[in-house]
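Presented below is the structure to which this report refers.
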Amino acid sequence: MSGSQAAGSTEQGAASAEAAEKEFEPKIVAFLCNWCSYAGADLAGVSRLQYPPNIRIIRVMCSGRISPMLVLRALKDGADGVLVSGCHPGDCHYLKGNLYTRRNLQLLRSMLEYYGIEADRFQMSWVSASEGGKFADVVKTAVEKVRKLGPNNKFKVIDSADGGE
Amino acid sequence: MSDEKIREEAKKALRERGLKCVIGWSADGTPFFAETEEDADKLSFNEHCANNLVTYLTQEVRSQRGKTRDGKDKIVKPVGIVVRGCDSKALRLLLNENILSRSEVFIIGVPCTGVVDKRAGDVLYRKCVKCAMRNPVVYDVLASDQVPEDEKDYSEVEAIENMSPEERWTFWEEIFADCIRCHACKRSCPVCYCDECLLDPTDVAIRPDTTADEKAHRPRWVERSVNVRENLVYHLARMPHLAGRCVDCGECERVCPQRLPLRLLTAKLEKDVKKIFNYEAACEDGQKPLIAMSKMEDENEFIM
Amino acid sequence: MSKSILRKEKVADALNALGHASIVYIPIKNKRGLVEYRELGKEASVADIKLDCKPDVPPKAIMFPQTQVLFAFKRVGGKIKLAPTVPDEREKIIFGVRPCDTIAISVMDKVFMGGKFVDSYYKVRREKVAVFTIACDGPADANCFCPSTGGSPVGTEGSDVMLYDVGDSYYVEGISDRGKKLLEGMSANLERPSPDQEKKRDEIIRKAASAEGFAKRIAPESITKLDSSFDSKYWDDVARKCLSCGACTYYCPTCHCFDINDEKGGKRVRTWDSCQFSNFTMHTSSHNPRTAKAQRLRNRYYHKFKYSKDSTGRYLCVGCGRCIALCPAGLDITKVISEVR
Amino acid sequence: MSDENHYIPHVAEITGIMQETTGERAVKTFKVAFKDKSAEIKFKPGQTCMVSVFGKGESMFAISQSPTRGSLEFSVQRVGRVTEMLHELEVGDEVGIRGPYGNGFPVEQWKGKNIYFIAGGIGMAPVRAVMNYVVDNKNDYGELHLIYGARTSRDLSFKAEIDALEQGGAIDVRRTIDVEEPGWTLLDNKNPEQSKFDPSSRKFTGFVATTVSAMKCSPDNALAVICGPPIMIKTSIGSLAKLGWKDEQIYTTLENKMKCGIGKCGRCNIGGVYVCVDGPVFTYAQVKKMLNDQ
């Protein structure tokens with residue numbers, strides 16, 4: 001059920017239903033690497049740090065696993081934004097996975113911009129296992145940026161009556 | 001003049017090197033496979049010879065590979081090819097990526113001053129108006145003298161970069177609405193050599209031992225439906241796969257039956273790769289792939 | 001007034017008159033120089049209309065869209081609910097079709113509405129379509145070969161209204177009852193033909209009958225020869241050049257192969273498919289009756305010139321020459337059929 | 001009738017599942033009943049239906065039960081996208097069915113004949129339908145034989161049902177397996193004619209074609225129905241031909257990838273023949289002609 005993103009995440013977010021209706025609540029898919037960023041998110045939780053509930057976390061073994069396809073698939077299937085987070089350069093559990101991804105995704109970001117799609121729909125961060133506070137901040141920033149952009153309409157397609165073009 | 005040289009070299013190589021065939025163009029500009037010395041007399045190069053033949057080269061070499069009954073590698077007869085400057089760069093990339101080995105190919109280079117678009121009434125292809133790769137970069141023999149080259153021209157890409165995001169989106173949305181995903185761009189691309197393409201739901205490699213599980217859970221990255229969204233993802237996802245590999249030969253744009261300006265994508269990609277990573281596809285023999293050259297000190301600014 | 005004159009400067013008015021009751025599709029030149037059919041008023045303006053050439057894209061998609069949702073499905077309380085799509089039942093006029101494409105429509109009618117089963121999705125769309133054909137004055141471009149496939153530059157089959165370009169006007173002739181009725185609706189823009197115009201129109205027909213000027217041709221004996229050239233080595237030679245893209249099939253006015261898939265969001269979708277794709281016939285078990293490019297290519301040519309002729313009595317090729325113009329590898333169907341032995 | 005929308009399936013509920021075999025390529029038989037009774041179909045043995053698993057797609061399957069038994073059944077091997085999902089369904093789950101398609105076996109023409117049913121692997125599915133039909137109308141037909149082969153004894157489907165038929169004396173059954181197992185009489189695949197054939201033995205190790213040769217199936221007033229993997233069909237036909245069978249006496253079913261089932265989508269053709277509407281049942285005489293046009 002792609003394209004239903006606008007309605008999604010209200011129940012967990014805003015205080016009153018009325019406010020939720022007014023304000024767009026983005027849905028963000030976050031790919032976190034197992035060794036740093038996921039642990040960082042865990043720490044944020046254990047430390048009871050507050051951050052917006054708009055993200056849906058998918059744990060991957062290494063940010064190097066994130067191919068541009070996964071980012072595009074998330075956007076195509078209704079996410080308003082995508083966040084990829086891994087270890088700081090030099091700290092990758094697999095030595096260079098995050099460096100590979102950085103090159104790959106930087107080009108994707110640049111292409112997104114070239115197509116006229118807001119580049120901020122796709123964001124990247126380095127968060128280590130000890131940076132619970134940074135993780136909360138990253139999520140806050142990411143959500144605010146996407147909130148400003150509004151719903152992800154460019155990947156949406158409306159079929160005509162019998163689907164023919 | 002170059003025709004004679006091409007024919008002569010092709011004949012010589014067919015005779016002396018035991019080539020399977022020489023891939024070239026016939027006088028009408030269509031691809032031609034010369035298997036005998038007699039055939040070789042039909043080889044030609046003129047302004048109508050627009051195909052990038054490197055795609056065929058991979059096909060001809062690969063079709064010979066495999067194992068014999070007693071488990072030995074089959075003998076691969078070398079294949080000859082006639083290449084222009086842009087083609088030769090694509091060929092060099094394949095050599096760098098070990099898709100072909102240098103001993104499997106015999107290369108006749110033809111410096112080129114541009115080829116014409118039959119559909120548009122025999123005017124030069126846009127890629128040929130200003131071209132920075134007129135002379136072959138990898139070859140065994142050259143069929144004519146080298147010609148002067150131009151600076152790479154990115155003005156069309158820059159024009160789009162200078163648009164507002166909304167203008168850019170409108171521009172591309174209109175283009176992608178017209179794509180019919182016939183896959184001609186992908187099938188003709190000399191560096192798209194995978195057996196199975198994840199962007200093409202019609203192209204799945206199934207072997208007799210592929211399990212039901214594998215087939216059932218194979219992701220469909222792009223649906224078969226043809227609409228702006230699927231087309232957008234198709235053309236977006238193609239780019240990272242071509243990063244540091246696409247030599248901007250323009251074959252995709254040439255074959256597109258809808259005349260989509262696909263080189264605006266590949267040229268932009270090339271420009272970015274150059275600007276951000278100071279890397280140029282196939283600029284030297286034995287070059288490592290772009291991603292493998294990732295460095296600690298790569299740009300980090302866009303990362304939080 | 002079944003025979004009349006429509007001045008070229010009045011075409012826009014006439015189309016507007018038709019547009020009241022129907023959607024009008026008309027060839028326009030798009031930004032990239034491609035002539036294709038678009039909905040007048042919505043996607044195309046009068047200024048872009050281009051009637052003096054064979055459009056680069058056939059009108060096939062108006063009756064047989066590239067992507068068509070067959071129905072939607074949903075799980076409600078554990079039970080499957082199906083929701084058939086609402087058919088597009090708007091009246092449509094395709095204006096400015098060339099005779100090859102018009103014949104193609106009647107060939108497609110046979111495919112989708114003939115035989116044991118009728119394809120209801122095609123039928124609903126097709127029955128709402130009226131075709132205004134502009135006769136060609138000889139070959140429309142260098143790739144035309146309609147006389148070789150039983151067509152003619154002035155063929156009226158499948159047309160509701162025929163138009164002949166007689167200089168500053170079109171000579172208009174109602175063919176079907178429906179066409180005649182539509183002409184009544186635009187009678188305000190029509191005039192009586194002058195003897196001179198009658199003569200010009202007859203001249204066009206006479207010229208067409210001689211099938212002069214066609215550079216491309218398939219001799220009837222070449223087609224009969226297909227019976228014995230199935231195992232020819234020539235197919236391998238042709239296949240060597242083929243890139244297995246779908247350009248020829250997608251632009252063919254009579255290619256009708258399709259795929260059906262369940263897609264995200266609970267839709268069963270029918271999309272165009274191409275017999276040139278390697279997985280077109282592949283079984284789940286990986287067995288593939290047409291593994292080699294040569295087999296797939298041969299199947300296409302045989303389907304067009306033999307199988308279809310044997311079973312329905314007519315070729316599945318109308319000689320529009322688009323596959324020749326568009327083939328990235330420069331394959332030429334007339335050459336292939338003529339040269340195979 | 002002609003304006004009917006053939007692409008929309010009728011929803012049916014799975015009312016019974018039989019696990020026929022297990023393993024990577026397991027076979028299950030699904031019994032289904034239409035939710036809307038008016039959607040019920042009349043079919044002939046050998047006809048096929050498109051079965052949908054909504055969200056995954058649809059595939060063409062032979063109906064594996066005789067119309068005389070009052071239920072609609074499909075026996076499905078787990079090989080791909082749709083079948084994998086089918087195998088995960090349970091009783092009470094819903095699928096889509098449209099059909100029946102294809103010509104079916106010409107059972108009316110067969111009256112009075114001796115029939116050899118020859119099946120290999122999942123090819124038993126259509127054979128089961130026509131065999132049960134013939135058994136249920138036993139008085140119309142002559143002697144009945146079944147030669148049914150699989151890779152191992154565990155891969156033989158419909159065990160209880162075939163055992164019951166055999167014990168009831170309705171049909172003479174010979175089972176064959178490819179891999180030797182204790183208790184199964186060994187046949188010589190290389191020299192099938194020389195194999196010693198013990199008429200009292202019901203279980204053989206050897207190819208189906210070998211068994212056909214060893215049994216010396218008689219072509220007199222007889223016909224054969226062969227279904228199975230292409231290589232098994234080919235070799236079995238070879239064996240029959242050596243025994244003096246004519247091409248017209250041999251019936252087989254073909255399969256090809258199908259999408260529409262109604263002769264439109266253009267992928268199941270062999271030459272000018274569409275397997276979905278003109279088949280899937282052909283005599284070997286017809287097949288021979290078509291295979292030239294593959």
Side-chain angles (χ1 to χ4, degrees), chain A residues 2-3 64 67-73 75-77 83-86 88-90 92 96-120 122-127 134-135 137-139 141-142 145 153-160 163 165, chain B residues 157 160-161 163-173 175-177 198-199 219-223 225-244 264-265 268-269 271-273 275-277 279 290-304:
Chain A
S2 53
S67 90
M69 261 344 280
L70 289 168
V71 177
L72 291 174
R73 178 75 178 262
L75 290 173
K76 179 171 88 127
D77 289 350
L83 170 68
V84 173
S85 189
H88 286 275
C92 177
K96 282 178 89 173
N98 52 358
L99 302 186
Y100 294 157
T101 282
R102 181 167 61 183
R103 280 206 163 187
N104 239 332
L105 295 185
Q106 186 174 2
L107 286 170
L108 178 71
R109 206 179 137 95
S110 160
M111 285 317 274
L112 280 174
E113 223 167 349
Y114 188 61
Y115 282 56
I117 297 163
E118 309 83 350
D120 278 347
F122 163 66
Q123 299 177 68
M124 237 179 126
S125 66
W126 306 136
V127 173
K134 184 177 177 189
F135 181 78
D137 288 342
V138 160
V139 174
T141 323
K145 278 185 178 169
N153 286 329
K154 288 184 177 145
F155 283 86
K156 219 192 235 171
V157 165
I158 298 139
D159 294 313
S160 69
E165 279 180 281
Chain B
V157 173
I160 296 175
E161 286 172 338
M163 293 180 184
S164 75
E166 277 315 306
E167 280 169 351
R168 281 202 293 268
W169 172 250
T170 324
F171 176 81
W172 287 113
E173 194 184 21
I175 285 170
F176 293 139
L198 82 168
L199 292 178
R220 229 179 232 163
W221 295 107
V222 180
E223 302 277 16
S225 276
V226 173
N227 54 41
V228 176
R229 174 176 61 173
E230 303 294 336
N231 295 349
L232 169 70
V233 172
Y234 173 82
H235 288 285
L236 252 174
R238 244 176 84 73
M239 290 305 121
H241 284 255
L242 293 172
L264 290 178
L265 300 177
K268 160 73 176 169
L269 185 73
K271 182 170 176 266
D272 274 1
V273 169
K275 197 180 104 199
I276 306 175
F277 305 116
Y279 183 99
L290 171 72
I291 301 299
M293 304 219 343
S294 298
K295 296 192 185 86
M296 274 289 286
E297 52 281 5
D298 278 346
E299 193 193 312
N300 207 32
E301 220 173 278
F302 72 105
I303 294 174
M304 285 189 277

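Every chain is numbered from 1 and lettered A, B, ... according to where its sequence line falls, protein lines coming before strand lines. All values reported here derive from a predicted model rather than from experimental measurement.
For the pair A:Tyr100 and B:Ala292, the tightest heavy-atom approach, listed with the atom from each and the gap, is CE2-CA, 4.2 Å. When every heavy atom of B:Pro219 is checked against every heavy atom of A:Arg73, the shortest pair comes out as CB-NH1, 4.1 Å. Across every non-hydrogen atom of B:Ile303 and A:Ser125, the tightest pair is CG2-CA, 3.5 Å. Scanning both residues, B:Ser294 and A:Arg103, for their nearest heavy atoms gives OG-CD, 3.4 Å. Residue A:Met69 comes nearest to B:Ala237 through the heavy atom pair SD-CB, 3.3 Å, listed as atom of the first residue, atom of the second, then distance.
Proximity to chain A (any heavy atom under 4.5 Å) is shown, for B:Ile291, by both the backbone and the side chain. A:Pro89 touches chain B through backbone and side chain together, each having a heavy atom under 4.5 Å away. For B:Trp172, the part lying under 4.5 angstrom from a heavy atom of chain A is the side chain only. Only the side chain of A:Leu83 has a heavy atom closer than 4.5 Å to any heavy atom of chain B. With a 4.5 Å cut-off on non-hydrogen atoms, B:Glu173 does not touch chain A at all. Residue B:Ile175: no heavy atom, backbone or side chain, is found under 4.5 Å from chain A. Interface residue B:Leu290: backbone and side-chain heavy atoms are both found under 4.5 Å from chain A. With a threshold of 4.5 angstrom between heavy atoms, B:Arg220 approaches chain A through N, CA, C or O but not through any side-chain atom. For a residue to count as touching a neighbouring chain, one of its non-hydrogen atoms must lie under 4.5 Å from one of that chain's; by this rule B:Glu223 touches chain A with backbone and side chain alike. If you measure heavy-atom distances from A:Ser85 to chain B, you find no contacts under 4.5 Å at all. Proximity to chain A is absent for every atom of B:Phe171, based on heavy atoms less than 4.5 angstrom apart. For B:Met239, the part lying near chain A is the side chain, with the backbone staying farther off; criterion is any non-hydrogen pair under 4.5 Å. Using a 4.5 Å cut-off between heavy atoms, B:Met163 makes no contact with chain A at all.
Annotation: maximal heavy-atom pairing with chain B below 4.5 Å, among A:Met124, A:Lys96, A:Gln106, A:Arg109, occurs at A:Gln106.
Checked for salt-bridge contact, A:Lys154 and B:Glu166 meet the test: a charged N lies under 4.0 Å from a carboxylate O. The pair B:Glu230-A:Lys76 counts as a salt bridge, with a side-chain nitrogen and a carboxylate oxygen less than 4.0 angstrom apart.
Across B:Asp272, B:Leu269, B:Val157, a single residue satisfies side-chain contact (heavy atoms from CB on, under 4.5 Å) together with A:Tyr114, and that is B:Val157.
Side-chain atoms of A:Arg102 come within 3.5 Å of backbone N or O of B:Lys295 as a donor-acceptor pair. For A:Tyr115 (side chain) and B:His235 (main-chain N/O), a donor-acceptor pair under 3.5 Å exists by modelled atom type. In this structure a side-chain-to-backbone donor-acceptor pair under 3.5 Å is missing from B:Arg229 to A:Asp77.
If you take CG on B:Leu232 and CD1 on A:Ile117, they are separated by 4.5 Å, rounding to the nearest 0.5 Å. Rounded to the nearest 0.5 angstrom, A:Leu107 CG and B:His241 NE2 are separated by 12.0 Å.
In this structure the side chain of A:Leu70 reaches within 4.5 angstrom of the side chain of B:Trp221, judged on heavy atoms.
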